Amino acid sequence: MSTGDEVRHHEPVYASTSYADDKGGEEYVVGSQSPESALESSGPKLKRKLKGRHMGMIAIGGTIGTGLFIGSGSTLADAGPAGSLVAYLVIGTMVFFVCTSLAEMSTFIPTSDPFNHFAARFLDPSLGFAFGWNYWASWMLTVGSELVACGVIVRYWLPHVHGVVWSAVTLVIIMGLNGISVRGYGESEFWMALLKVLAVLVFIIVGILTVSGAIGGDHIGGRNWHVEGAPFKDHIVGILKACIVAAFSFQGTEIVGVTVGECANPRREVPRAIRSVFWRILFFYIASILIIGLVIPNTDPNLMNAGGAGDVAISPFTMVLQKAGAKWGADVMNAVVLITVLSAGNSGMYACTRVMWVLAKEGKAPRIFRKVTKRGVPMWCLLFTAFWSTVAFCTSLASDQSVYTFLINISGVTGMGFWFGIGLCHFRFRRAYVLQGFDLKDLPYRAMLFPFGPVYACTLLAIIIIGQGYGTIWPKFDVVSFLSTYIAIPLFVIIWLGWKYIKKTKWIKLADIDLVTGSLLELERSGEIEIFPEPDGAGWRRFIRWPHRKTT
């Protein structure tokens with residue numbers, strides 16, 4: 001893709017073209033190719049300073065958030081213990097396929113804005129424009145919401161200090177971590193994600209001891225699976241409602257795809273980070289939901305009352321710790337949620353700056369946002385995002401709370417749209433790859449169960465996006481809630497069609513999709529990315545990779 005107004009395509013590359021291994025000494029044959037990469041054009045660049053441990057923890061940290069620590073209780077209330085487990089298993093598999101789709105494309109073409117770039121490259125340039133700016137807006141609003149949450153959380157301990165003070169402090173911290181260098185972001189996310197992982201591990205151990213009666217003085221066993229409404233509450237309707245909540249709780253997982261543009265070794269580290277998605281979904285979420293369903297009856301009224309970061313006292317995690325006899329449970333969870341919110345704001349700011357930088361490089365944002373510091377930080381993008389996040393934060397102070405809720409709902413719904421776009425892009429990418437005669441064995445990472453994976457993910461996401469407003473229509477139609485739920489869809493369409501009309505873009509044919517420019521092999525051969533030796537595939541590493549073995 002060029003940095004101008006239109007996408008520049010190359011002649012299709014057919015079966016004679018191959019991505020030969022450097023070690024094999026074969027000649028690199030490509031079709032007609034521009035000297036300027038669509039991703040790495042001349043001029044200032046981001047720094048590839050993220051290491052494997054950063055990528056792994058960013059992948060884990062992107063999933064463990066307030067949706068798990070606080071919002072998971074509502075799924076138990078909606079669907080019962082077994083229904084909530086089914087909901088998280090269904091959504092977990094969907095997120096797994098979304099991540100593997102993103103990994104296949106991002107490893108093949110490492111870019112800091114996969115949502116814009118892949119949509120523009122594999123679908124339609126106007127769709128790329130819409131996805132890119134919607135992704136920026138979604139995370140910008142999320143950063144604003146995290147500023148509000150931090151103020152609320154700290155006031156749990158210091159009620160006499162206004163929350164705005166702590167929100168301002170949080171903004172300074174987030175800007176500092178992102179303004180130093182990409183290593184500053186990577187290191188901060190590594191340690192915050194590690195603390196979240198340790199918190200969940202402790203919770204699971206305490207939960208098992210509580211269920212068995214080893215602590216807390218009550219052998220619970222499977223008693224709560226036989227109370228009213230258990231194990232499946234409201235049957236399929238309850239599961240669908242729980243699926244919607246679960247889908248929102250997984251948002252942020254895709255951020256690991258944004259970090260690819262600054263990963264030192266995307267060939268190895270991106271697949272490794274994505275592999276952890278399968279295990280973290282299986283362990284962190286499923287195990288946590290199982291423990292909550294065993295310890296807390298689905299009839300507990302507190303389950304439906306928790307909805308925000310300020311409700312940590314009635315978080316299902318806090319309730320389990322208190323059942324175990326830990327009176328300090330609320331304080332511990334408040335600290336964990338504070339770290340979680342800070343991590344979400346930090347990641348959101350990082351994602352916004354990198355997405356905007358790529359948009360500017362491709363002529364879809366003002367040229368000033370192309371500038372980066374000597375450390376590779378797009379400072380103008382950082383300042384612009386911080387300004388609008390502050391504006392979003394101020395809506396919670398200067399206007400009715402419904403306006404702020406309206407903006408956050410837009411952010412959440414838009415997140416579902418990104419995942420849908422990833423699945424659609426992957427489907428088109430793989431079809432173009434095969435049509436143009438490339439060998440699937442040459443893919444640095446291959447998503448399993450294609451085409452089932454992206455088709456399954458897109459179908460389920462379409463159901464969630466359409467069905468999430470069920471409660472706003474029946475039993476009583478609520479105009480404000482309905483608009484806040486669905487307004488993101490027409491806004492996306494307006495941006496998409498508006499750019500399409502202005503730039504006269506066209507849907508890209510499979511044979512015309514450029515699979516060479518900016519590819520990993522091109523960047524490795526140019527020296528932009530260092531070539532690392534293949535990792536050892538023996539022992540326990542072979543076991544954890546089985547969900548990602550290469551399949552056709």
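Predicted, not measured: the structure shown is a model, and the values here were computed from it.
- Judged by distance alone, the side chain of Thr485 and the main-chain N or O of Gly469 form no donor-acceptor pair under 3.5 Å.
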> Could you go step by step and tell me if Ser84 and Asp78 meet the side-chain hydrogen bond (donor to acceptor under 3.5 Å, both in side chains) rule?
Replying inline: CA-CA 8 Å; Ser84 59; Asp78 287 333; over 6 Å; no
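- Exactly one of Leu147, Val143, Val341 qualifies for a side chain to side chain contact (heavy atoms under 4.5 Å, CB included) with Thr170. That residue is Leu147.
- With hydrogens and angles ignored, the 3.5 Å screen pairs no side-chain donor or acceptor of Tyr135 with any backbone N or O of Pro114.
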>> Please evaluate residues Thr100 and Phe97 with respect to the criterion side-chain contact (heavy atoms from CB on, under 4.5 Å), reporting the C-alpha separation (whole Å), side-chain torsions for both, the decisive distance (0.1 Å), and the verdict.
In response: CA-CA 5 Å; Thr100 54; Phe97 284 122; 4.2 Å; yes
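- In this pair, Phe482 and Phe477 present their aromatic rings tilted. The plane angle is within the 30 to 60° band.
- Under the 4.5 Å side-chain criterion, counting only non-hydrogen atoms from C-beta, Met349 is in contact with Leu171.
- Side-chain atoms of Ser188 come within 3.5 Å of backbone N or O of Tyr185 as a donor-acceptor pair.
- In this structure the side chain of Ser167 never reaches within 4.5 angstrom of the side chain of Val148, judged on heavy atoms.
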> Checking side-chain hydrogen bond (donor to acceptor under 3.5 Å, both in side chains) for the pair Asp331/Trp157: CA distance, chi angles, key distance, verdict?
Replying inline: CA-CA 8 Å; Asp331 291 295; Trp157 292 304; 3.1 Å; yes
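- In terms of modelled atom types and a separation under 3.5 Å, the side chain of Thr373 and the main chain of Val377 share a donor-acceptor contact.
- The backbone N or O of Ala77 sits less than 3.5 Å from a side-chain atom of Lys233, completing a donor-acceptor pair.
- Between Thr340 and Met192, every side-chain heavy-atom pair lies at or beyond the 4.5 Å cut-off.
- Within the 4.5 Å cutoff, the side chain of Val358 has heavy atoms near those of the Asn116 side chain.
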> So Val336 and Leu195, side-chain contact (heavy atoms from CB on, under 4.5 Å) or not? Walk me through it.
Replying inline: CA-CA 8 Å; Val336 172; Leu195 289 173; over 6 Å; no
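- Using a distance-only test at 3.5 Å, with no hydrogens or angles considered, no donor-acceptor pair links the side chain of Ser389 to the main chain of Ala386.
- A donor-acceptor distance shorter than 3.5 angstrom exists from the side chain of Thr93 to the backbone of Leu89, with no hydrogens or angles considered.
- Put simply, the side chain of Leu68 does not reach to within 4.5 Å of the side chain of Ser249, judged on heavy atoms.
- Ring centroids of Phe131 and Phe118 are separated by 6.0 Å or more, keeping the two rings apart.
- In this structure, the side chain of Gln468 engages the main chain of Ile465 through a donor-acceptor pair within 3.5 Å.
- No donor-acceptor pair closer than 3.5 Å links the side chain of Ser138 to the backbone N or O of Asn134.
- A centroid separation of 6.0 Å or more is found between the aromatic rings of Trp139 and Phe418.
- Thr385 contributes no side-chain N or O that, together with a main-chain N or O of Leu382, makes up a donor-acceptor pair within less than 3.5 Å.
- Nearest heavy atom pair, residue Met416 against residue Ala247, reads CE-O, 3.6 Å.
- The minimum heavy-atom distance linking Thr414 with Ala488 is given by the pair OG1-CB, 3.7 Å.
- Applying the salt bridge (charged side-chain N to carboxylate O under 4.0 Å, His left out) rule to Arg223 yields the partners Asp218; only residues at least two apart in sequence or on another chain are considered.
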> What's the verdict on side-chain contact (heavy atoms from CB on, under 4.5 Å) for Leu342 and Ile173, showing C-alpha distance, side-chain angles and the deciding distance?
Replying inline: CA-CA 9 Å; Leu342 183 61; Ile173 293 173; 4.3 Å; yes
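- Few gaps surround CH2 on Trp133; more than 12 heavy atoms of other groups in view lie less than 6.0 Å from it.
- Judged by distance alone, the side chains of Asn178 and Asn346 do bring a donor and an acceptor atom under 3.5 Å apart.
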> Does the pair Ile291 and Val295 meet the rule for a side-chain contact (heavy atoms from CB on, under 4.5 Å), with working shown?
Replying inline: CA-CA 6 Å; Ile291 292 296; Val295 177; 4.2 Å; yes
